[in-house]
Amino acid sequence: MGRSKFFQKFAAKYSMNRKSKPFSLLVKPASADCNLKCEYCFYLDRCELYPGSKIHRMSDDVLEKIISSYMQTEQPSYSFCWQGGEPTLMGLDFFTRVTEFQKKYGAAKSATVANGLQTNAILINDEMAEHFAKHNFLIGVSLDGPEGIHNTYREKKSGSGSHSDVLSAIEVLRKYKVEFNILVLVSRANVEKCREVFSYLVEKGFFYHQYIPCVEFDSKGKLLPFSITGEEWGKFLCELTNCWLSAGSRKISIRLFDSILNYLVYGIRNVCTMGRDCRQYFVVEYNGDVYPCDFFVRKELKLGNIMENSWEELLESEKYEIFGKKKCKLDSICEKCEFLSLCYGDCLKHRPPGDAFNPQALSSLCEGQKIFFRHSMAKLKNIAQKFIGEHKK
């Protein structure tokens with residue numbers, strides 16, 4: 001996808017017009033259940049919210065209610081992201097029902113539907129890939145780099161690494177021409193190996209990347225051993241910028257860079273970390289429980305249940321409003337920062353001790369963000385200006 005097409009697509013899809021209150025859904029049909037036991041996974045312990053069952057699977061009634069009610073709201077595009085845990089544990093039949101319900105409830109208004117799926121990929125077979133291709137699913141595949149790096153934390157329950165299984169699954173996706181991108185969690189295993197990871201992905205022919213910082217705290221606000229520091233994140237992003245520019249910025253799509261360029265060109269913040277308010281989507285658990293954010297699926301932040309509450313009620317929830325507005329409660333350092341418009345205090349999750357109710361703490365990545373912005377913004381602004389010049393009417 002060329003950069004022009006990328007910007008046109010995302011400018012239309014992710015414009016955050018709060019007046020009309022568009023929102024997307026992040027659905028966890030198998031809750032936190034997973035076929036891997038990744039040491040750094042932040043979601044595995046969410047099973048403790050539902051101790052009554054060892055296996056969590058979304059029922060057809062809940063699925064139909066989610067889709068039918070959402071598609072009764074007015075949206076520029078009906079955006080579903082299927083995540084976990086591991087969503088492919090649901091099997092092909094589940095995703096067949098997903099697309100059947102979407103067609104059934106979207107037919108009258110000729111609705112535009114977008115499906116994304118974040119996965120470790122190892123359960124994807126020919127039949128599933130064929131279905132994803134037919135219905136234009138965009139698949140996000142978790143791959144942290146070469147085998148030795150990837151297998152550091154991404155293990156099967158047997159204790160063996162998952163790297164070879166992921167590569168095999170990617171070949172199945174390619175066979176059926178399924179669109180996919182690569183999700184790299186930047187952790188202790190790869191934070192000092194940016195060039196190695198980037199080169200590996202490019203050599204494999206993977207040209208759509210998303211790099212996500214691994215930031216997890218213990219109960220005292222101390223970073224867990226697999227997490228990275230702000231300085232490490234900053235150095236990683238500087239090296240990533242250099243690698244990206246050397247490889248050809250029009251050839252490789254990196255979500256963070258594309259999001260910044262989208263803002264510089266269109267003035268649109270298309271990722272929630274850059275926004276002033278944390279109300280862009282809802283998380284829906286396997287039983288219909290609704291939460292405000294993937295990182296804050298907590299008992300005290302439950303907004304309601306879609307079997308009992310309408311989306312309008314959830315949007316107007318006082319708890320949702322309070323949560324959303326915490327994003328703009330900033331430390332005085334943030335308020336004076338030259339990069340505030342690009343970061344806006346960063347994700348609440350990155351503000352120690354990782355608690356949404358203590359939002360005014362500085363992000364643990366703050367210094368790293370500054371290192372990156374100082375190194376890269378002039379280069380990104382130059383790319384944005386060239387893009388604008390090329391597309392003037």
- [ ] Look only at the side chain of S317 and the backbone of E313, and say whether a donor-acceptor pair between them is shorter than 3.5 Å.
- [x] no

Open item on the list: Could you tell me if the side chain of R351 sits less than 4.5 Å from the side chain of L348, heavy atoms only?
Closed with: yes

- [ ] For the residue pair I182 and K204, establish whether any side-chain heavy-atom pair is separated by less than 4.5 Å.
- [x] no

Task: Side-chain heavy-atom pair K349, D294 within 4.5 angstrom cut-off - done: no

- [ ] Using a 4.5 Å cut-off on heavy atoms from C-beta on, say whether the side chain of T273 contacts that of H350.
- [x] no

Task: Mutual orientation of the aromatic rings belonging to Y286 and Y50 [parallel < 30°, tilted 30-60°, perpendicular > 60°] - done: perpendicular

Task: Candidates Y105, Y281, F101, F80 - the one meeting ring pair (Phe, Tyr, Trp, His ring centres under 6.0 Å) with Y70 - done: F80

TODO: Could you tell me whether the side chain of N115 and the main chain of F137 form a donor-acceptor pair under 3.5 Å?
DONE: no

Task: Side chain proximity check, N120 to C34, heavy atoms < 4.5 angstrom - done: yes

TODO: Check whether the ring centres of Y176 and F132 lie less than 6.0 Å apart, and answer yes or no.
DONE: no

- [ ] Please answer whether the main-chain N or O of L49 pairs with a side-chain N or O of K299 as donor and acceptor at a distance below 3.5 Å.
- [x] no

Open item on the list: Heavy-atom count check: over 12 atoms from other residues, nucleotides or ligands less than 6.0 Å from R188 CZ?
Closed with: yes

Task: E231, CD atom: more than 12 neighbouring heavy atoms under 6.0 Å - done: no

Open item on the list: Has S227 got a side-chain atom pairing as donor or acceptor with E216's backbone, closer than 3.5 angstrom?
Closed with: yes

- [ ] Identify the two heavy atoms, one from K65 and one from I306, that lie closest to each other, and give their separation to 0.1 Å.
- [x] CE-O, 3.5 Å

Task: Shortest non-hydrogen contact from S363 toward D346 - done: OG-OD2, 2.7 Å

Task: Salt bridge flag under 4.0 Å for residues K104 and E64 - done: yes

Task: Shared hydrophobic cluster, M90 / L44 (ILVMFWY, side-chain heavy atoms < 4.5 Å) - done: no

Open item on the list: Would you say that more than 12 heavy atoms from the other residues, nucleotides or ligands in this model lie under 6.0 Å from the CD of E318, or not?
Closed with: no

TODO: Go through the steps to decide whether D165 and K156 satisfy the test side chain to side chain contact (heavy atoms under 4.5 Å, CB included), and finish with yes or no.
DONE: CA-CA 10 Å; D165 300 88; K156 301 179 192 177; 3.0 Å; yes

Open item on the list: Using 30° and 60° as the class boundaries, would you call the ring planes of Y200 and H163 parallel, tilted or perpendicular?
Closed with: tilted

Task: Donor-acceptor contact present, side-chain R269 to main-chain M274, <3.5 Å - done: yes

TODO: Say whether L314 and M307 are linked into one hydrophobic cluster, either directly or through other cluster members, by side-chain heavy-atom distances under 4.5 angstrom.
DONE: yes

- [ ] May I ask you to decide whether D277 forms a salt bridge with R279, counting only side-chain N to carboxylate O separations under 4.0 Å?
- [x] yes

Open item on the list: Ignoring hydrogens, what is the shortest heavy-atom contact between P213 and I228? Give both atom names and the distance.
Closed with: CB-CD1, 4.0 Å

Task: Heavy atoms from other residues, nucleotides or ligands near NZ of K319 exceed 12 (cutoff 6.0 Å) - done: yes

Open item on the list: Test of understanding: clusters of I, L, V, M, F, W, Y form through side-chain heavy atoms closer than 4.5 Å, transitively. Do L185 and L167 belong to the same one?
Closed with: no

- [ ] Look at the side chain of K327 and the backbone N and O of Y344, then say whether any donor-acceptor pair between them is shorter than 3.5 Å.
- [x] yes

Open item on the list: Determine whether the aromatic ring centres of residues F236 and F372 are separated by less than 6.0 angstrom.
Closed with: no

TODO: Using a 4.5 Å cut-off on heavy atoms from C-beta on, say whether the side chain of D93 contacts that of R97.
DONE: yes

TODO: Could you state whether F226 and I149 fall into the same hydrophobic cluster, counting links through intermediate Ile, Leu, Val, Met, Phe, Trp or Tyr residues with side-chain heavy atoms under 4.5 angstrom apart?
DONE: no

Open item on the list: Could you tell me if the side chain of Y43 sits less than 4.5 Å from the side chain of V297, heavy atoms only?
Closed with: yes

Open item on the list: Could you walk me through whether V178 and I124 satisfy the side chain to side chain contact (heavy atoms under 4.5 Å, CB included) test, starting with their C-alpha distance in whole Å, then the side-chain angles of each, then the deciding distance to 0.1 Å, before giving a yes or no?
Closed with: CA-CA 11 Å; V178 180; I124 293 177; over 6 Å; no

TODO: Answer yes when E171 and R174 have at least one side-chain N-carboxylate O distance shorter than 4.0 Å, and no when they do not.
DONE: yes

Open item on the list: Here's a test for you: under side-chain hydrogen bond (donor to acceptor under 3.5 Å, both in side chains), which of H56, K54, R46, K28 qualifies with D33?
Closed with: H56

- [ ] Find the distance between CG (L25) and CD (Q83) and round it off to the nearest 0.5 Å.
- [x] 12.5 Å

TODO: Kindly indicate, with the supporting measurements, whether the criterion side chain to side chain contact (heavy atoms under 4.5 Å, CB included) is fulfilled by C334 and L362.
DONE: CA-CA 8 Å; C334 291; L362 275 175; 3.5 Å; yes

- [ ] Work out which heavy atom in G91 is nearest to a heavy atom in F95; give both atom names and the distance.
- [x] O-CD1, 3.4 Å

Open item on the list: Quick check: do I388 and V265 have side-chain heavy atoms less than 4.5 Å from each other?
Closed with: yes

Task: Geometric class of the F94/W82 ring pair [parallel <30°, tilted 30-60°, perpendicular >60°] - done: perpendicular

- [ ] Determine, for E86 against K157, whether the closest basic-nitrogen to carboxylate-oxygen distance falls under 4.0 angstrom.
- [x] no

Open item on the list: I'd like to know if the side chain of N190 reaches the main chain of K193, judged simply by a donor and an acceptor atom lying under 3.5 Å from each other, with no hydrogens or angles considered.
Closed with: no

Open item on the list: Distance check, rounded to the nearest 0.5 Å: H209 atom NE2 versus C243 atom SG?
Closed with: 10.5 Å

Open item on the list: Would the distance check show the side chain of S162 and the main-chain N or O of R154 forming a donor-acceptor pair, the cut-off being under 3.5 Å?
Closed with: yes

- [ ] Verify the ring-centre separation between F282 and Y320: is it less than 6.0 angstrom?
- [x] yes

TODO: Go through the steps for S158 and S160 under the test side chain to side chain donor-acceptor pair (under 3.5 Å), then give the verdict.
DONE: CA-CA 6 Å; S158 64; S160 60; 3.0 Å; yes

TODO: Compare every heavy atom of V172 with every heavy atom of A129, then report the nearest pair and how far apart it is.
DONE: CB-CG1, 3.7 Å

Open item on the list: Same cluster or not: Y40 versus V191, using hydrophobic residues (I, L, V, M, F, W, Y) connected whenever any side-chain heavy atoms lie under 4.5 Å apart?
Closed with: no

- [ ] To the nearest 0.5 angstrom, please state how far the NZ atom of K251 sits from the CZ atom of F207.
- [x] 4.5 Å

TODO: Would you give the length of the straight line joining atom CE of M71 to atom CD1 of I66, rounded to the nearest 0.5 angstrom?
DONE: 13.5 Å

Task: SG-CD distance between C343 and E338, expressed to the nearest 0.5 angstrom - done: 12.0 Å

Open item on the list: Below 30° counts as parallel, above 60° as perpendicular, anything between as tilted: where do the rings of W244 and F257 land?
Closed with: tilted

TODO: Please report the closest heavy-atom contact between Q75 and P22, naming both atoms and the distance.
DONE: OE1-CA, 3.2 Å

Open item on the list: Please check this pair: side chain of N305 against backbone of N287, looking for a donor-acceptor N/O pair closer than 3.5 Å.
Closed with: yes

Open item on the list: F217 vs S364, test: side chain to side chain contact (heavy atoms under 4.5 Å, CB included). Steps then yes/no.
Closed with: CA-CA 10 Å; F217 302 100; S364 67; 3.8 Å; yes

Open item on the list: I'd like to know if the side chain of T99 reaches the main chain of T96, judged simply by a donor and an acceptor atom lying under 3.5 Å from each other, with no hydrogens or angles considered.
Closed with: yes

Task: Side-chain donor-acceptor pair present, S259, N270, cut-off under 3.5 Å - done: yes

TODO: Count the heavy atoms belonging to other residues, nucleotides or ligands that lie under 6.0 Å from NZ of K325, then report whether that count exceeds 12.
DONE: no

Task: From Y211 atom OH to L183 atom CG, the distance as rounded to the nearest 0.5 Å - done: 11.0 Å

